[in-house]
*Asks:* 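Before I ask anything, here is the structure I am working with.
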2 protein chains.
Amino acid sequence: MGTTQVEAVPEPKYWHLRTVLSEALDSEFSVGEILPNERELAARFGVARATLRQALEQLELEGRLQRRRGVGTTVAPPRVGVSVGTEQHLWPGAPGDAWQPSDCTLAAPPAAVADALGTGRDEAVHTVRRSRRTHGRPVAAELLYVPASSVPDLSAIEAPSGPARARAVLRELQRRQLQRQESAVELGSAHAEDAKVLDRLPGSPVLVVTTRYVAGDRTAALSVATYRADTCRLTFGDAGGVQIHHDPPSRAC
Amino acid sequence: MGTTQVEAVPEPKYWHLRTVLSEALDSEFSVGEILPNERELAARFGVARATLRQALEQLELEGRLQRRRGVGTTVAPPRVGVSVGTEQHLWPGAPGDAWQPSDCTLAAPPAAVADALGTGRDEAVHTVRRSRRTHGRPVAAELLYVPASSVPDLSAIEAPSGPARARAVLRELQRRQLQRQESAVELGSAHAEDAKVLDRLPGSPVLVVTTRYVAGDRTAALSVATYRADTCRLTFGDAGGVQIHHDPPSRAC
DNA sequence: TAGTGGTCTAGACCACTCC
DNA sequence: GAGTGGTCTAGACCACTAG
């Protein structure tokens, strides 16, 4: 027939919409600007609100938009690079690290953590809570598990819990020789507690960084840190500068 | 009044459902097993299919489930750890690296890449496509940008494009001294091409790893690799062993 | 109190896989 | 062709923010 190739695999509407909106964001909006509300946008593009929302979700996932209930949808600033692994390995809590200890308890950790630490499943470990902010915004929440054997000289008299205790545990950690550290990054979703600290809704995507600190050939500490996936770019080996990743040219539709 | 605390902040249904399903996966299903279909599950839990799907989406994001159109929903195996950054820095294509070159072209890169490379926006660079598989499954697709100046001795006569050309570019790269490399990890969504290679739908979540290879104080190559976020755990400093991250105990509801 | 995004419903049809 | 997950609709109501 005379018709030219007709879009063999039709793009879903929400995907097309994502592309259109993405281009509009590049050319017609500036950071911080408020978009029209969802009902308005849906009407303007002639789609159901649910479909529009699917497109917005994608863009939020990619860090292009920020949505806040009761407020509106705004254009997000570029992701901030947060340094996660540096060349020289340091204990958590070393001078100059970016974390703020907020609490410390002594309790049996989740089974998976106990296994990774090589402690018994009912053995109590110090659990330090810390959080991290950048440009005044919360970017990460951490649980740091430190077996009692890693901080043998920790005074039992000092504050039994709370921030002071957390600092004491971190202080004691510095006295040991750090052999090496290993990290892993994976995608997760924020649980209620993390979500609260990160100022997001539960279920929002986070990058989970698990770090094993090795000393004396044993796992001396284990950190599980969750970073907001929408606003963060995790840098290893200090790559603060690299700033790629806006879509390469996509086919028209 | 006499009523006990009534769930001050009611959990969304889909979130509750996620928790229930997650626990069921732990206790009643084994890897690879097929779940009942969505209509069935929705009916069983007394919710609309869309709500159930929201819960499944979460679990898929967390790497617990795998859904395939026309087939069904299966219990996913644990994420595979893929080594991304090692202690000793090596050029891409060094002996033993996990990537399979598939193509190479010479063209002007996206503007953002040109800027990061410090080349002119219209200057052509070698663009090597590579892919990476683990246990027979595709896990990542990469675009590697190599400015002509980084491979000065590259013979113009050899295959002008295709896998042979890609290997030639990588081979030439090895001759230079690698100073250091810097990586960044962020969340993205798969474009059509990547989605195809990764055997996923467009828009599915990916971990984008941007690596800058520095030689002679200049960016000698730039790699943009997209990993399937559902099946991969990226390891730095070789942390193959760490395997945490199943939800900590969550509050009942 | 008005306006926003977040949740949820009950349907419909489509694209894909496998028999 | 039967059965699966993927897309889409047109509504409703809720939770939150801010004037």
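Just so it is clear, the model here is predicted, and its values are computed rather than measured. Reminder, nothing fancy here: chain letters follow the sequence lines and each chain counts from 1.
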*Asks:* Closest-nucleotide mapping onto DNA chain D: is A/Arg39 or A/Gly70 further toward the 5' terminus? I mean the 5' end.
*Replies:* A/Arg39
*Asks:* Side-chain donor-acceptor pairs under 3.5 Å in residues 49-57 of chain B, sequence neighbours left out?
*Replies:*
{"residue": "B/Arg49", "atom": "NE", "partner": "B/Glu38", "partner atom": "OE1", "Å": "3.0"}
{"residue": "B/Arg49", "atom": "NH2", "partner": "B/Glu38", "partner atom": "OE1", "Å": "3.0"}
{"residue": "B/Arg53", "atom": "NH1", "partner": "B/Glu38", "partner atom": "OE1", "Å": "3.2"}
{"residue": "B/Arg53", "atom": "NH1", "partner": "B/Glu38", "partner atom": "OE2", "Å": "3.0"}

*Asks:* Could you say whether B/Arg67 or A/Ala50 is positioned toward the 5' end of DNA chain D, judged by the nucleotide with the nearest heavy atom to each?
*Replies:*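 Checking each residue's closest nucleotide, the 5'-ward one belongs to B/Arg67.
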*Asks:* Anything under 3.5 Å between a donor and an acceptor, one on a side chain of residues 195-204 of chain B, the other on a protein residue two or more places apart or in another chain? List them.
*Replies:*
{"residue": "B/Arg200", "atom": "NH1", "partner": "B/Asp230", "partner atom": "OD2", "Å": "3.1"}
{"residue": "B/Arg200", "atom": "NH2", "partner": "B/Glu60", "partner atom": "OE2", "Å": "3.4"}
{"residue": "B/Ser204", "atom": "OG", "partner": "B/Leu201", "partner atom": "O", "Å": "2.9"}

*Asks:* Heavy-atom contacts under 4.0 Å between residues 29-38 of chain A and DNA chain D, which residues?
*Replies:*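 When residues 29-38 of chain A is checked for heavy atoms under 4.0 Å from DNA chain D, there are no hits whatsoever.
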*Asks:* Which residues pass the side-chain contact (heavy atoms from CB on, under 4.5 Å) test with B/Pro12, sequence neighbours left out?
*Replies:* B/Tyr14, B/Trp15
*Asks:* Only Watson-Crick and G-U wobble pairs with both distances less than 3.5 Å should count. Give DNA chain D in dot-bracket notation, marking inter-strand partners with |.
*Replies:* ||||||||||||||||||.
*Asks:* Return the set of residues passing side-chain contact (heavy atoms from CB on, under 4.5 Å) with B/Asp115 (not counting sequence neighbours), or none when no residue passes.
*Replies:*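 B/Asp115: side-chain contact (heavy atoms from CB on, under 4.5 Å) contacts with B/Arg121.
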*Asks:* Hey, is the side chain of A/Thr73 poking within less than 4.0 Å of OP1 or OP2 on C/dG5, counting only N and O atoms?
*Replies:* yes
*Asks:* Is the phosphate of C/dT7 approached by B/Thr51 (side-chain N or O, under 4.0 Å from OP1 or OP2)?
*Replies:* no
*Asks:* Quick check: any donor-acceptor pair below 3.5 Å linking the side-chain of A/Arg49 to the base of C/dG6?
*Replies:*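 By the distance-only test, yes, there is a pair.
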*Asks:* Base, sugar-phosphate, or nothing for B/Leu201, non-hydrogen atoms under 4.0 angstrom?
*Replies:* sugar-phosphate
*Asks:* Hey, is the side chain of B/Tyr14 poking within less than 4.0 Å of OP1 or OP2 on C/dC8, counting only N and O atoms?
*Replies:*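 No, outside the criterion.
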